[in-house]
Every structure is written in structure tokens, then in C-alpha cells.
Amino acid sequence: MKEKYFPAEIEEKQQQRWAEAKVFEVTEDPARKKFYCLEMLPYPSGRIHMGHVRNYSIGDALSHYQRMNGFNVLHPMGWDAFGMPAENAAIKHNARPDQWTFENIAAMRAQLKRIGFSYDWRREIASCTPEYYRWNQWFFIQMWRRGLLYRKNATVNWCVKCNTSLANEQAEGGFCWRHEDTPVVQMELEQWFIRVTNYADELLDELDNLEGGWPERVLAMQRNWIGRSQGAEVEFAIAGNESEKIRIFTTRIDTIYGANAVIVAPEHELIEELIASGQASDGLKSFVEKQSEISREERLAEGAEKQGVPTGLFAVNPFSGDELPVWTANFVLTGYGTGAIMAVPAHDERDFEFARKYGLPIPRVIKVAGSDEPDDAPVEAPFTAKDESGVLINSAQFNGLTVPEAIKIMTEYAVQRGFGRPQTNFRIRDWGVSRQRAWGTPIPFIHCPKCGIVPVPEDQLPVTLPADLNFNTQGAPLAEHASFVNTTCPNCGGAAQRDTDTMDTFVDSSWYYFRYCDPHNDELPFDPEIAAYWAPVDQYIGGIEHAVLHLIYTRLWTKIMRDLGLLSFGEPVRKLLTQGMVCLATNRCEEHEWLSPNEVIDGKCKFCERPVTIGRVEKMSKSKKNTIDPDEMIREFGSDTVRLFMLFAAPPEKDLEWDDSAVEGASRYLARVWRIVYKWHDKLSNAAEGEASPAARALRRKTHQTIRRVSHDIADRMNFNTAIAALMELTNEIYAFDNSLKDVSNATSSDRFALREAIESLVKMLAPFTPHIAEELWQGLGHNEILVASPWPQFSEALAKEDELEIPVQINGKMAARVVVAAEASNAALEQAVLNDDRVKAKIGGKQIAKVIVVPKRLVNVVVK
RNA sequence: GGGGAUGUGGCGGAACUGGUAGACGCGCGGGUCUCAAAAACCCGUUACCUCGCGGUAGUGUGGGUUCGAUUCCCACCAUCCCCACCA
């Protein structure tokens with residue numbers, strides 16, 4: 001063992017030992033408990049960044065801990081390898097996207113191996129390989145057969161930069177998820193869709209079961225996104241043409257006697273008919289035209305002012321028989337519900353605003369239960385409560401019912417009379433999965449002029465991407481590749497054409513971690529029996545940005561796989577941790593804009609010496625140049641130091657600010673551990689438990705308390721920061737003990753026993769966080785077995801127990817004194833000790849003791865008057 | 001507008017189910033060692049008053065519950081995130 005800590009020398013050496021011993025390679029073993037620890041797979045952009053390092057350091061710490069605790073730990077890594085950057089590289093540098101991608105993968109894999117994460121590399125997958133994406137195609141065909149995949153002409157989100165359509169989830173607030181400055185435009189296109197709505201109820205309801213294992217905000221975001229709303233559809237006949245109906249959706253059928261209008265979206269088919277048949281007024285035509293011209297963002301940006309025009313038609317309220325004017329207005333949306341509503345101004349904010357603006361009547365039909373306000377009192381503000389506080393008035397035979405009763409009874413009434421029915425609507429839509437890109441999974445269908453859409457026979461999968469695509473084209477490279485497109489129909493044998501869309505890359509990541517379970521299977525995506533052993537994932541770790549993207553898709557896909565008979569469960573992830581971002585302050589120079597940390601010298605710009613403005617602490621990003629390169633840090637300090645810093649500086653779910661001094665602190669700590677182990681490593685043999693000095697007993701107590709605390713902090717809370725703090729405390733105790741001995745030769749056998757126990761426990765417990773130095777020190781202590789495959793230390797309650805306790809004493813809840821008592825002292829003895837204490841007596845003085853509250857082993861509060 | 005989260009020293013953060021607020025680390029100050037410096041080791045570090053013993057205040061703000069509140073309840077303020085004319 002060397003005297004000084006040189007990370008570069010030991011890290012590679014220990015990585016080789018692990019690789020040779022295959023300690024991270026696992027197979028199914030029904031006799032052992034499994035633990036599946038998963039980190040979100042990266043896109044192979046070319047370089048690992050600090051966000052990755054943090055994510056994988058968290059997962060690695062947990063994996064090591066569970067492995068040392070006897071679990072059969074599956075800890076894999078792979079590449080989400082399809083997507084736009086490869087295509088952009090192909091266009092820009094005339095490269096091949098597959099070559100570009102595989103070069104990046106090689107570079108990043110080498111980086112991950114240098115950091116020494118405990119992956120089973122035999123299970124590595126890349127989603128751009130035919131061995132992988134063939135199963136995407138297989139899934140599509142299974143889904144097609146079950147009606148879960150379909151094709152329809154639809155208005156889709158289109159990003160002009162990506163030059164492709166996007167799912168709703170990828171068009172956040174009207175902007176492309178990859179180009180935050182690029183508004184999404186709407187486009188008519190025939191597309192492939194996955195029938196998410198079949199699973200909407202289940203996707204929502206099962207979120208309740210994830211409570212406790214998933215962060216509350218992710219659950220809230222998913223609930224929000226799925227957006228279930230229960231109500232009813234009601235048909236209003238058009239006056240004078242009773243065979244024609246307008247179907248409206250409402251969650252408040254109880255307010256229907258208060259409707260003053262029916263309002264349809266400007267895109268509603270009724271409007272189209274009116275325009276087509278020449279019945280539309282000029283005002284209506286120009287209004288509709290204007291609405292179609294302005295984009296979604298412009299509509300929202302215009303301050304959301306409500307605008308509408310009457311259509312000239314009237315509709316009959318099926319409950320009251322009233323004829324209501326039919327309007328069209330900008331705030332009624334096509335694509336949600338039926339694209340038509342009834343307006344009830346007295347009980348809806350929007351309808352109230354609209355009625356005021358256009359001078360429509362505002363009849364009230366609900367009032368506060370028990371109020372003696374007259375039923376025809378003018379409405380000052382809409383009354384929208386949907387609970388028992390509202391009672392129906394002005395509603396014929398339904399008067400007197402509470403709102404919830406009325407909703408139920410009036411819906412039933414509508415069903416009986418045949419003009420309505422209960423209806424549940426969702427905000428979530430079917431998933432548009434076609435992309436007009438070339439670097440993705442080809443959609444395995446053939447368009448035959450005679451037979452229509454025909455799936456590629458399963459024994460002809462995969463449909464592979466041609467290697468010689470031409471990316472320097474205005475159009476779609478796949479569609480222009482004649483030998484790819486032109487084929488024969490598997491059904492009739494006639495000439496036919498392949499589908500030229502590719503799949504959304506979120507398909508790839510929807511099921512990849514099941515493939516890790518059985519990565520080389522060439523008959524199925526995975527063997528259901530093998531998956532049944534490893535899955536579901538016990539702990540998943542990744543960024544919050546996937547809360548409503550990947551994490552909804554993968555829950556959906558799991559349910560589909562269950563229905564295909566591949567799985568026996570529908571929720572893929574037991575526990576989810578959304579780790580915080582890695583942040584750094586930005587620097588800005590007037591002349592040279594964003595500056596990287598090493599372009600700032602003494603607060604001045606390196607290039608022009610102008611003073612630099614320090615900006616906000618933000619997520620590390622290339623564009624703002626506030627990044628720290630993991631490779632540089634690891635070269636300077638070693639992988640262990642970088643990991644230790646990241647795990648110690650903040651709890652995993654919080655944002656982490658990079659701090660050079662704190663990194664040095666982490667490095668200093670490891671050197672400090674090294675020195676004390678070096679000092680004793682060859683002097684701890686022949687130690688016996690024997691009669692221990694008080695100091696040795698105290699050290700043993702600290703050791704066992706630390707084992708208890710660290711185990712709890714990792715396993716039950718994933719609070720690595722406090723676990724590491726506990727290890728630092730133990731280290732300080734070891735130093736104090738070492739100092740108290742003055743000289744190595746003073747140590748008795750039992751002193752050395754206590755020291756050995758403390759030092760060996762410390763080294764073992766460092767293994768999850770800083771595996772290389774721990775492994776090296778373990779060897780230095782004379783152990784031949786591999787530490788990261790050795791058992792976690794166990795603590796003894798008896799040794800962890802304190803002999804004496806220092807009990808705080810309060811007088812009327814304020815801190816007054818401390819008394820030392822035996823740990824076993826009874827409540828009565830404790831109370832007696834407190835009341836006999838001179839300081840306590842003095843503080844009580846002449847006051848009378850009203851009562852004494854004794855919290856065993858914790859505190860005594862004397863209440864005086 | 002609806003929903004979710006966060007708020008503790010100079011800084012990152014501790015405080016388990018209501019029980020000694022500030023663990024651990026960074027930074028800062030002091031000491032030991034040294035010709036000197038670095039490193040290392042040791043001590044101190046919420047604020048205010050006090051030479052010291054000690055005292056007072058203190059976990060965004062204002063209330064409440066309790067013997068006792070960073071922790072529970074109510075209202076408010078600030079910051080961040082998600083959804084948003086969704087009927």
C-alpha cells in the first residue's frame with residue numbers, strides 16, 4: 001500500500017479487477033432476491049455531461065449498496081440512439097448517421113467505463129440496431145391486429161425545424177420540445193396513432209398505487225396531463241330542422257335550465273355546412289376566416305378576449321323546450337368534447353363574461369342552499385360550486401335537488417328520453433407516432449393499391465433502414481429511396497409501396513429496460529419468464545423533464561405488453577427518483593457574450609479584459625457555456641472525488657450547484673481517509689476484543705451507530721448526503737481516538753480491535769460512493785476478496801447503545817439545563833435527577849411546579865407557575 | 001385561473017413519528033509543526049449584549065393548537081415548476 005492517495009493509479013487498476021472477476025455480471029437466480037436499478041438511458045450525443053454523471057452516481061451508489069446487502073442487482077446501460085442530431089450531422093458533414101452514432105457511443109462508453117460504474121456491459125443495447133428496432137416493428141404489428149394502432153387523417157403539430165410532426169406531449173405550450181423558440185404549426189396529415197384513450201382511465205387510476213414511490217409532483221403532472229372530466233353529452237335539435245342535432249358536452253347538466261345559448265367552435269362542421277350552403281352571413285364568414293388564420297399562440301397571446309358571432313340558427317333545449325341562439329366563438333375548442341357547449345352564464349365564469357359582453361340574458365338556476373335571496377335576483381358573479389352547497393331553482397321538476405343529485409338524476413332523465421348520455425372526456429389524446437424522418441424505426445406496413453394497408457409478415461422483420469440514404473434533399477430521404485419504397489404486397493403479390501414514415505423515438509425508450517432483461521433474444525422482445533424475475537424496475541432514476549413524456553408512454557406500453565401476454569403487471573416502475581439538475585453561475589461579457597469559467601480571469605474577460613457580469617445559477621448548458629467537463633474533473637481529482645462531491649453536496653432530488661472548493665473538500669476528505677488507513681493498515685493484526693478502555697468502547701459505539709445510520713439513510717431514504725456526513729463524523733472519531741493514543745506503540749490489543757472495526761467498517765461503507773479508493777484500501781488492509789462483492793457491515797444494537805444520556809431540561813418549554821443520567825434510568829429516577837439539579841432548582845426559584853413532562857430518553861419539561 | 005413544490009447562518013445543507021435548531025462540509029479566524037510557505041493536525045465560527053460566567057432574539061410574514069412547533073392547522077408574502085378559454 002502506498003503512502004499517498006493517487007486516484008489515477010488506483011482507479012483503472014480496480015476497474016480491471018472488477019471486470020476480470022465479472023462482479024457486475026448477473027443472471028436470473030430464483031433463490032436470490034433481485035433488485036432492478038435503472039437510470040434513464042442517454043442519447044449518444046458524443047460526450048457525457050455532469051448531469052449524466054450525477055444520475056449514474058446516484059444509481060451506482062444504490063446498486064452497490066443493494067449488491068453488498070445480498071441482492072442480485074440488475075444494473076444495465078444502453079443508448080437511445082435514434083433521433084435528429086444524427087440526421088443533422090449527416091446533412092451538415094455528409095456523414096452517415098449510423099457511423100456518427102456508433103462513434104459517439106464508443107466515446108461515451110469509454111467515458112462511463114473510466115468513471116467505473118457497476119454496469120453489466122453484456123446487456124448493453126442501442127435502439128438503432130436492427131436487433132433492437134425489429135421489436136418496435138413487431139409491437140406495431142401486434143398493436144395493429146388488436147386495433148391499438150390505427151391510421152387517420154388529422155391535424156397534427158408540425159415543427160418546421162425538425163421538419164416532422166410531433167405528439168401533443170412534444171408540443172409543450174405550442175412550442176417544439178427540442179426547439180423552445182420554434183412555434184408548432186398545425187398541419188393536415190395522414191398519421192399513425194396509438195390508441196392511448198383505451199388506457200386513459202387505467203393510466204389515471206393507477207397513479208394512486210404509485211403514491212409514496214413516485215414524487216408527488218410527477219403524479220400531479222400526469223393527472224393534470226391525462227385530465228379526466230366526467231359529464232354528459234346532450235343533443236340540442238335545430239329549430240325548424242329537428243332531424244339535425246348539435247351535440248354538446250357538459251360537466252354541469254344540472255345547470256341546463258340556465259342555458260342562454262349554444263356555442264360551437266369556429267371549426268365545427270355546422271359552420272362548414274352553413275358556409276357551404278351559402279346560409280352564412282358575411283359577419284360569420286369573416287369571423288371564421290379570421291380565426292382560422294391566427295395561430296394557437298396568437299389566440300392565447302391576444303389576452304384571451306372572448307369573441308363570437310351569432311350563426312342565425314336556433315337550437316331547442318331538450319329539457320325546457322326553450323329556443324336558444326346558436327353562436328360560434330373563439331373560446332370553444334375543436335378537438336375537445338364535441339366542439340360545442342351550452343352557455344350557462346350564471347354558473348360559469350367564461351359564459352358569464354361572454355354574456356356580459358354581448359348582452360345576453362343571465363338566468364339563474366342554482367342558489368346557495370338555505371339562502372332566502374329571491375330566485376330572480378340579478379347575477380353579480382357566477383356561482384360555480386359543484387357541491388351540496390348549491391340547490392336547483394327555476395328547473396321544473398328538478399327544483400330542490402342539490403347539485404350532485406341533480407347531475408345524476410338529470411343525466412338518467414336524458415338517457416331515458418334518448419337525447420343524452422353520460423360521457424367521460426380526457427385531455428390526453430391518442431399518440432401520434434409517425435415521424436417524417438429517416439433516422440428512426442421504419443414503420444412495418446405496406447400500402448397496396450388492391451389490399452390497402454398490409455403489415456409486413458413477421459418472418460420478414462426487421463424492415464431495415466437503407467445504409468445509402470441521401471440526406472441532402474428537400475424531401476424525405478426514405479420516401480426518395482426507390483429500392484426501399486418499392487416492394488410487393490405480401491397479400492396479393494402485386495406491386496406495392498412501403499410506408500415511409502418512421503416511429504417517434506419515444507417508442508424506443510418505452511420498453512428498453514425489458515430488453516435489458518433478455519437482450520439477445522431473437523424470438524421475442526424478451527422472454528416473459530426472464531422479465532418476470534427482473535421486472536418491474538425497483539428504482540428508476542432520471543430527470544423531471546420526462547414526467548409527462550417518457551414516463552406516460554412507458555406506463556402505457558407496459559399495459560399494452562401486459563395485454564399482449566408478455567407481462568403479468570401493468571406498472572413498470574415501483575420507485576421513481578427525479579434527480580435535480582447540475583447548475584453553475586453564468587458569466588457574460590458585453591463583447592464576447594457567454595463565457596466559460598476558464599475564460600474569466602480575475603473577474604475580467606480573457607479576450608478583452610472587460611469586467612464580467614455574473615449571471616444566475618442555471619442548469620449547465622453548452623449554449624450558456626456554464627459547463628464543467630467530467631473528463632477534466634476526473635483527470636484532476638479522480639472519479640471517486642467527483643462522485644463524492646455530487647452525492648454529498650445536496651440530496652439527490654434537489655438542484656446541485658457546482659462548487660470547486662467543495663470538490664477540493666471532497667478530495668481532501670478521501671486523502672484524509674487514506675492517511676489514517678495507511679497509518680494503521682499493517683498494525684491491526686493480533687487484535688482481540690478483550691477489556692476495552694472507555695475511549696475504545698466509545699469508538700466502537702460510534703462505529704455501530706454509524707453503520708445503523710448509513711444503512712437507514714441509503715436504503716430507506718436515498719439520502720446519500722447525510723450518509724456521507726455520518727461517515728465523515730466516524731472518520732473524525734477515528735482521528736480523535738488515534739490522537740488520544742499519542743503513539744502507535746501505545747495501542748493495546750483491544751484498542752487495535754476497536755480501530756480495526758472502525759476502519760474496516762468505514763472503508764466498506766465508502767464502497768457505494770467511492771468504490772475505487774474503498775477497494776484499494778480494502779486490499780491494503782490485507783483482504784484478497786473483492787470489496788464491492790462482499791457483505792455490508794452489520795451493526796449490533798448492544799454496542800450502539802449509549803451508557804449515559806445527556807437529557808435536556810426545559811422550564812415552561814424553554815431550555816434551562818442538561819442533566820446526565822444512566823441510559824436505563826426510569827422516568828421517576830429521571831424526574832428526581834432533574835428536580836435535584838442545582839441549576840434547575842435555582843431557575844425554578846420559589847415558583848410552584850404545576851407538572852413535569854418526561855419524554856423517555858429525550859427530554860424533561862418542568863411546568864411552573 | 002387550477003395544481004404541485006420550496007423558503008433554516010456568509011454559502012451547500014442537517015434536525016428520525018412535535019422534544020437540545022444549525023450535524024457534516026465549504027468559506028473565514030486562530031493555534032501547532034516549519035528558517036519560511038504549502039500540506040497536515042488541533043481549536044473556534046447564527047446574531048446581539050458580556051472580559052468571562054451567562055443572557056436575549058432567532059428556521060419567509062402574521063395568527064392558532066400544544067407543557068413544548070423548523071415540524072401540525074389557518075391566512076399571507078416570495079421564488080420555481082406543470083397545466084391552462086378543456087365546457
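A/Asn425 comes within contact range of no nucleotide atom at all, as no heavy-atom separation falls under 4.0 Å. Residue contacts for A/Gly665: at a heavy-atom cut-off of 4.0 Å it reaches the sugar-phosphate backbone alone, with no base atom in range. Using a 4.0 Å heavy-atom cutoff across all strands shown, A/Pro651 reaches sugar-phosphate atoms only and no base atom. Note on A/Tyr735: only backbone sugar-phosphate atoms sit closer than 4.0 angstrom, heavy atoms only; bases stay farther off. A/Arg668 comes within 4.0 angstrom of the backbone, heavy atoms only, and of no base.
What separates CD of A/Glu353 from C1' of B/A87 is a distance of 14 Å, to the nearest Å. Between the CD1 atom of A/Ile724 and the P atom of B/A23 there is a distance of 18 Å, given to the nearest Å. The separation between A/Asp655 atom CG and B/G7 atom P is 13 Å, rounded to whole Å. Rounded to whole Å, atom C1' of B/G2 lies 16 Å from atom CH2 of A/Trp225. Rounded to whole angstrom, the span from the CD atom of A/Glu657 across to the C1' atom of B/G27 amounts to 14 Å. Distance A/Phe737 CZ to B/C42 P: 15 Å, rounded to the nearest Å. The CE-P distance, from A/Met581 to B/C81, rounds to 8 Å in whole Å. As rounded to whole Å, 14 Å separates atom P of B/C83 from atom CZ of A/Arg429.
Closest to the side chain of A/Thr251, from the set B/C24, B/A87, B/C41, is B/A87. Comparing B/C24, B/U20, B/C85 against the side chain of A/Asn330 picks out B/C85 as the nearest. When distances run from any side-chain atom of A/Arg672 to the nucleotides B/C41, B/U20, B/C67, the shortest one goes to B/C41. Comparing B/C26, B/C24, B/C67 by their closest approach to the side chain of A/Ile853 singles out B/C67. Here the nucleotide nearest the side chain of A/Arg217, chosen from B/G4, B/A87, B/G19, is B/G4. Comparing atom distances between the A/Glu729 side chain and each of B/A23, B/G13, B/C83 picks out B/A23 as nearest. Listed nucleotides B/A23, B/G19, B/A87 differ in distance to A/Ala725; the shortest reach to its side chain belongs to B/A23. Across B/A87, B/C26, B/C85, the shortest atom-to-atom separation from the side chain of A/Phe331 is found for B/C85. Of the candidate nucleotides B/A14, B/G12, B/A40, B/A40 has the atom lying nearest to any side-chain atom of A/Arg675.
A cation-pi arrangement is present between A/Lys306 and A/Phe331, with the terminal nitrogen or guanidinium carbon under 6.0 Å from the aromatic centre and inside a 45° cone about the axis. In this structure, A/Arg672 is positioned above the aromatic face of A/Tyr735, its NZ or CZ under 6.0 Å from the six-membered ring centre and within 45° of the axis.
To the nearest whole angstrom, the two P atoms, one in B/A39 and one in B/G27, are 10 Å apart. Comparing B/G9 with B/G4, their P atoms sit 27 Å apart, to the nearest whole Å. Taking atom P on both nucleotides, B/U70 is separated from B/A57 by 13 Å, rounded to a whole Å. Only the P atoms considered, B/U61 is 42 Å distant from B/A38, to the nearest whole Å. A distance of about 34 Å separates the C1' atoms of B/U79 and B/G29, rounded to the whole Å. Between the P atoms of B/G60 and B/C11, the separation comes to 14 Å (whole Å). Here, B/G7 and B/A15 have their P atoms 12 Å apart, quoted to the whole Å. Nucleotides B/C26 and B/A40 place their P atoms 10 Å apart, quoted to the nearest Å.
Looking at A/Gln810, its side chain comes within 3.5 Å of the base of B/G19 through a donor and an acceptor atom. At a cut-off of 3.5 angstrom, the base of B/C83 holds no donor-acceptor pair with the side chain of A/Asn224. Side-chain atoms of A/Lys306 come within donor-acceptor range of the base of B/C85, with a qualifying N/O pair under 3.5 Å.
Phosphate proximity of B/A15 to A/Arg717: present, with a side-chain N or O under 4.0 Å from OP1 or OP2. Look at A/Asn812 and you won't find any side-chain N or O under 4.0 angstrom from OP1 or OP2 of B/G68. A sub-4.0 Å separation between OP1 or OP2 of B/C42 and a side-chain N or O of A/Asn739 is present. Between A/Asn732 and B/G25 there is a side-chain N or O to OP1 or OP2 distance below 4.0 Å. Here A/Arg223 does not reach the OP1 or OP2 of B/C83: none of its side-chain N or O atoms lies under 4.0 Å away. Side-chain nitrogen and oxygen atoms of A/Ser229 include at least one within less than 4.0 Å of the OP1 or OP2 phosphate oxygen of B/A87. Contact annotation: A/Lys843 reaches the phosphate of B/G55 (side-chain N/O to OP1 or OP2, under 4.0 Å). Look at A/Tyr669 and you won't find any side-chain N or O under 4.0 angstrom from OP1 or OP2 of B/G25.
For A/Tyr678, the ring pair (Phe, Tyr, Trp, His ring centres under 6.0 Å) partners two or more places apart in sequence, or in a different chain, are A/His681. By the ring pair (Phe, Tyr, Trp, His ring centres under 6.0 Å) test, A/Trp658 pairs with A/Phe645, sequence neighbours left out.
Considering NZ of A/Lys619 and SG of A/Cys583, their distance stands at 8.5 Å, rounded to 0.5 Å. With rounding to the nearest 0.5 Å, the separation of CD in A/Glu729 from OG1 in A/Thr722 is 10.5 Å.
The closest donor-acceptor contact from the side chain of A/Arg555 to the backbone of A/Leu203 lies under 3.5 Å. Checked by atom type and distance alone, the side chain of A/Arg839 never pairs as donor or acceptor with a backbone atom of A/Asp837 at under 3.5 Å.
Taking a pair to require two hydrogen-bonding distances under 3.5 Å in either a Watson-Crick or a G-U wobble arrangement, B/U20 remains unpaired. Look at B/U56: its Watson-Crick or wobble partner, with both distances under 3.5 angstrom, is B/A47. In this structure, B/C85 forms no base pair with any nucleotide, since neither Watson-Crick nor G-U wobble geometry is met with both distances under 3.5 Å. Using N1 to N3 plus N6-O4 or O6-N4 for Watson-Crick, or N1-O2 and O6-N3 for G-U wobble, each under 3.5 Å, B/C80 pairs with B/G4.
Summary of the strand contacts: A/Met815 and A/Val863 both lie near RNA chain B, and taking for each the nucleotide with the nearest heavy atom, the more 5' one is attributed to A/Met815. Between A/Asn861 and A/Ala220, the one whose closest nucleotide on RNA chain B sits nearer the 5' end is A/Ala220.
Base orientation at B/G9 is syn, since its O4'-C1' glycosidic dihedral falls within 90° of 0.
For A/Phe419 and A/Phe319, the distance between ring centers is under 6.0 angstrom.
Checking A/Gln423 against A/Gln230 by side-chain atom types alone, no donor-acceptor pair falls below 3.5 Å.
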